[in-house]
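Notes for the one structure printed next.
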Amino acid sequence: MKNPEVANILAHMALYLHMDDVPFKPQAYERAATAVESLSQDVEELYKTEGLKGLEKIPGVGKGIAERIEEHLKTGKVQDYEAYRKKYPIDLDELSLVEGLGPKSIKELYEKLKVRDLKGLEQAAKGGQIRKLPHFGEKSEQNILQAIEFVKRSQGRWLLGAIYPYVEELILTFQHSKLVKQAVAAGSIRRMKETVGDVDMLVTTKTPEKVIEFFLSYVKYDKLWGRGPTKVSVHTLRGFNIDVRVLPEEVFGAGLQYFTGSKEHNVKLRTLALQKGYKLSEYGLFKGEKRVACETEEEIYKVLGMQYIEPELREDTGEIEAALRLAPLAQGLPALIPYGSLQGDLQIQTNWTDGNNSIEEMAREAKKQGLSYIAITDHTKDLAMTGGSDEKKLLRQMKEIDRINSTQSSDWVARSDDRAKFRILKGAEVNIRKDGTLDIEDEALAKLDVVGAAVHSNFKMSKNDMTERIMRAMRNPHVDILFHPTGRSMPKRDSYDIDIDAIIQEAKQTGTVLEVNAQPRRLDLKDIHIKKAVEAGVKMVINSDAHSTEHLRFLNFGIAQARRGWAQKADVVNTLPLDKFLQMLKDKRNHA
DNA sequence: GCCGTTTTCGGCCCGACTGTTTTCAGTCG
């Protein structure tokens with residue numbers, strides 16, 4: 001899968017062109033980069049089967065960019081790109097992570113201060129050199145230092161969403177090799193943590209040596225950390241480490257339990273085992289010398305006298321006590337919201353604003369993935385760069401949605417079962433202004449089925465002001481959902497400062513639904529917030545925030561996040577069928 | 001460099017905010 005590296009080159013090209021003040025081309029490259037990045041199909045496959053014409057089918061990729069992708073696939077290099085790399089020998093990956101630093105500043109810092117990477121940037125800032133540059137000052141220097149700190153905190157971690165497709169591919173490759181009986185990713189990937197440090201693969205096989213050999217021939221790596229008869233560890237060209245461990249089949253459950261973690265969960269579990277007269281290790285649960293459980297995780301938890309604990313919960317945040325039914329968690333673990341249980345998706349952008357696909361394309365794909373309704377929620381007018389809708393454009397879009405809803409019967413929803421009655425809802429992602437008012441008139445909002453409100457600017461407000469601002473928007477009776485409530489965007493931007501408890505209380509008061517945004521960069525609410533919302537009885541909705549058909553698959557990451565927050569099906573309103581979902585929204589509007 | 005119910009050339013890229021300034025460039029959504 002070469003999509004990430006191709007997308008990376010295109011994104012870098014966009015930055016270089018920005019640096020040289022080339023008009024229009026940067027946007028073109030940016031658009032192509034996002035399209036390639038979110039493509040589920042492998043560009044290399046696409047090129048092999050359909051050639052240049054296939055590449056040009058990617059939205060935003062025309063002749064010029066297609067030829068550069070071809071050049072990369074054929075030779076591993078792109079001449080234009082190499083020329084720029086020579087002209088600006090800087091670490092764009094690092095520097096572009098710094099919030100507030102754009103291509104022009106990066107260029108200036110390189111040319112005046114020879115800043116090439118994060119380390120150089122930090123030195124220049126700490127040495128007080130940056131404030132001396134024109135258009136920079138003391139404040140800019142401080143902001144840069146702050147942004148560097150945030151980048152540093154997230155370094156060495158990878159977004160689950162970025163690594164997951166690769167891991168799935170690796171597992172399939174193992175399975176197709178016929179060399180392994182089982183292949184599973186353990187560790188933080190299995191726990192579906194929002195970021196992961198490395199990949200822990202566990203396999204069972206009769207031929208460990210062969211499996212390790214096979215793995216090394218398949219994976220592209222630049223460092224072999226170690227290789228033994230049952231374990232191999234490499235640093236891949238993608239930048240993360242993969243460990244592959246071969247486990248004897250009869251202790252697979254114990255190994256899986258051990259390597260899934262978290263460390264905190266395991267420490268407590270082992271202590272518990274000791275108290276009960278057992279010993280727990282990666283080789284099994286022992287009573288004296290006798291191995292009493294090891295083949296499956298289920299039996300280990302069972303012998304310890306507890307409910308089975310789903311991997312997403314294993315963080316030692318009360319799950320062990322609950323599994324033991326200890327007070328105050330005597331009711332035991334919650335039945336987590338199952339994967340695949342969503343019926344709708346209430347945040348979808350289209351090519352009416354900054355999305356890649358048409359309303360109809362998004363709807364068709366959503367239906368294909370088993371959903372029965374979606375809401376189209378394009379940006380509104382304050383987000384001018386996206387071509388955000390004003391009241392007039394919203395009306396036009398509503399008409400178009402009516403048209404598609406009424407014409408779809410004969411064509412793509414011809415099946416007779418209930419699931420086939422696919423429905424596109426009219427919505428918007430309205431902007432919450434600095435003062436908490438919205439950028440669309442109430443009269444227009446009243447005509448929409450679903451109104452999501454979100455903060456997109458003025459992130460640096462005081463906690464109090466930001467909380468007040470958002471709560472004011474929530475009090476608008478037309479606002480159904482608060483989109484991405486904390487506003488973070490990993491790895492670049494931290495949440496803005498808000499009082500999440502106050503927001504949850506306000507949601508309870510007003511009946512506003514809180515979003516669990518499933519974009520791998522956002523995953524917002526966070527798991528700990530979800531848990532609070534669950535405890536407060538506040539309803540949530542899991543949305544893909546899809547900007548292209550490929551993004552609809554993000555919903556699973558949102559479900560994982562909800563599961564990590566102990567949410568059950570009843571806590572998430574888009575598990576409801578359409579009529580019940582709409583009724584719920586109506587209740588809020590009437591209630592307010 | 002891409003795109004097309006303004007269609008093969010000529011648009012596309014607006015507006016608020018920040019930090020630097022005193023009229024503006026850069027960044028972000």
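Naming: A, B, ... by sequence-line order, numbering from 1 per chain. Being a predicted model, the structure only gives us computed values, none of them experimental.
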- prompt: Contacts to DNA chain B from residues 2-18 of chain A, heavy-atom cutoff under 4.0 Å, which residues?
  reply: none

message: Listing request: all salt bridge (Lys or Arg N to Asp or Glu O under 4.0 Å) pairs with a residue in residues 145-161 of chain A, at least two apart in sequence or in separate chains.
response: A:Glu122-A:Lys152, A:Glu149-A:Lys152, A:Arg153-A:Asp494

- prompt: What ring pair (Phe, Tyr, Trp, His ring centres under 6.0 Å) pairs are there with at least one residue in residues 373-397 of chain A, not counting sequence neighbours?
  reply: A:Tyr373-A:Phe581, A:His379-A:His456

field: Watson-Crick or G-U wobble partner of B:dC17, both distances under 3.5 Å
entry: B:dG26

- prompt: According to the salt bridge (Lys or Arg N to Asp or Glu O under 4.0 Å) rule, which pairs have a member within residues 538-549 of chain A, sequence neighbours left out?
  reply: A:Arg522-A:Asp545

- line: The complete set of ring pair (Phe, Tyr, Trp, His ring centres under 6.0 Å) pairs with one or both residues in residues 55-91 of chain A, sequence neighbours excluded, reads A:Tyr16-A:Tyr84

message: Using the rule given for side-chain hydrogen bond (donor to acceptor under 3.5 Å, both in side chains), can you reason through A:Gln505 versus A:Gln509, listing the C-alpha separation, both sets of side-chain angles and the distance that settles it, and then say yes or no?
response: CA-CA 6 Å; A:Gln505 276 316 306; A:Gln509 286 280 315; 5.5 Å; no

message: Taking any heavy-atom pair under 4.0 Å as a contact, classify A:Pro103: base, sugar-phosphate, or nothing.
response: sugar-phosphate

task: May I ask you to check if A:Arg493 and A:Phe150 form a cation-pi contact, with NZ or CZ under 6.0 angstrom from the six-membered ring centre and within 45° of the axis?
output: no

- prompt: What residues form a side chain to side chain donor-acceptor pair (under 3.5 Å) with A:Asn574, not counting sequence neighbours?
  reply: none

- prompt: Taking the P atom of each, how far is B:dG11 from B:dT6, in whole Å?
  reply: 15 Å

message: I'd like to check the side chain to side chain donor-acceptor pair (under 3.5 Å) partners of A:Asn464; sequence neighbours left out, ordered by chain and number.
response: none

Close N or O pairs between protein and nucleotides 23-25 of chain B (under 3.5 Å):
none

- prompt: If you look only at pairs with a residue in residues 26-43 of chain A, which of them pass as a salt bridge (Lys or Arg N to Asp or Glu O under 4.0 Å), with sequence neighbours excluded?
  reply: A:Glu37-A:Arg521

message: List the residues meeting side chain to side chain donor-acceptor pair (under 3.5 Å) with A:Thr350, not counting sequence neighbours, and say none if there are none.
response: A:Asp378

task: Remember a base hit wins even if backbone is also touched, and classify A:Lys460 as base, sugar-phosphate or nothing at under 4.0 Å, heavy atoms.
output: nothing

- request: Please measure how far the P atom in B:dT18 lies from the corresponding atom in B:dC13, and state the result in whole Å.
  value: 24 Å

- prompt: Just checking A:Glu138: base, sugar-phosphate only, or nothing, at a heavy-atom cut-off of under 4.0 Å?
  reply: sugar-phosphate

- prompt: Taking only residues at least two apart or on different chains, which pairs with a member in residues 92-136 of chain A satisfy ring pair (Phe, Tyr, Trp, His ring centres under 6.0 Å)?
  reply: none

Can you pull every protein N or O that's under 3.5 Å from an N or O on nucleotides 10-13 of chain B?
unit_1	atom_1	unit_2	atom_2	d
B:dC13	N3	A:Gln27	NE2	3.4
B:dC13	N4	A:Phe24	N	2.6
B:dC13	N4	A:Gln27	OE1	2.7
B:dC13	N4	A:Gln27	NE2	3.2

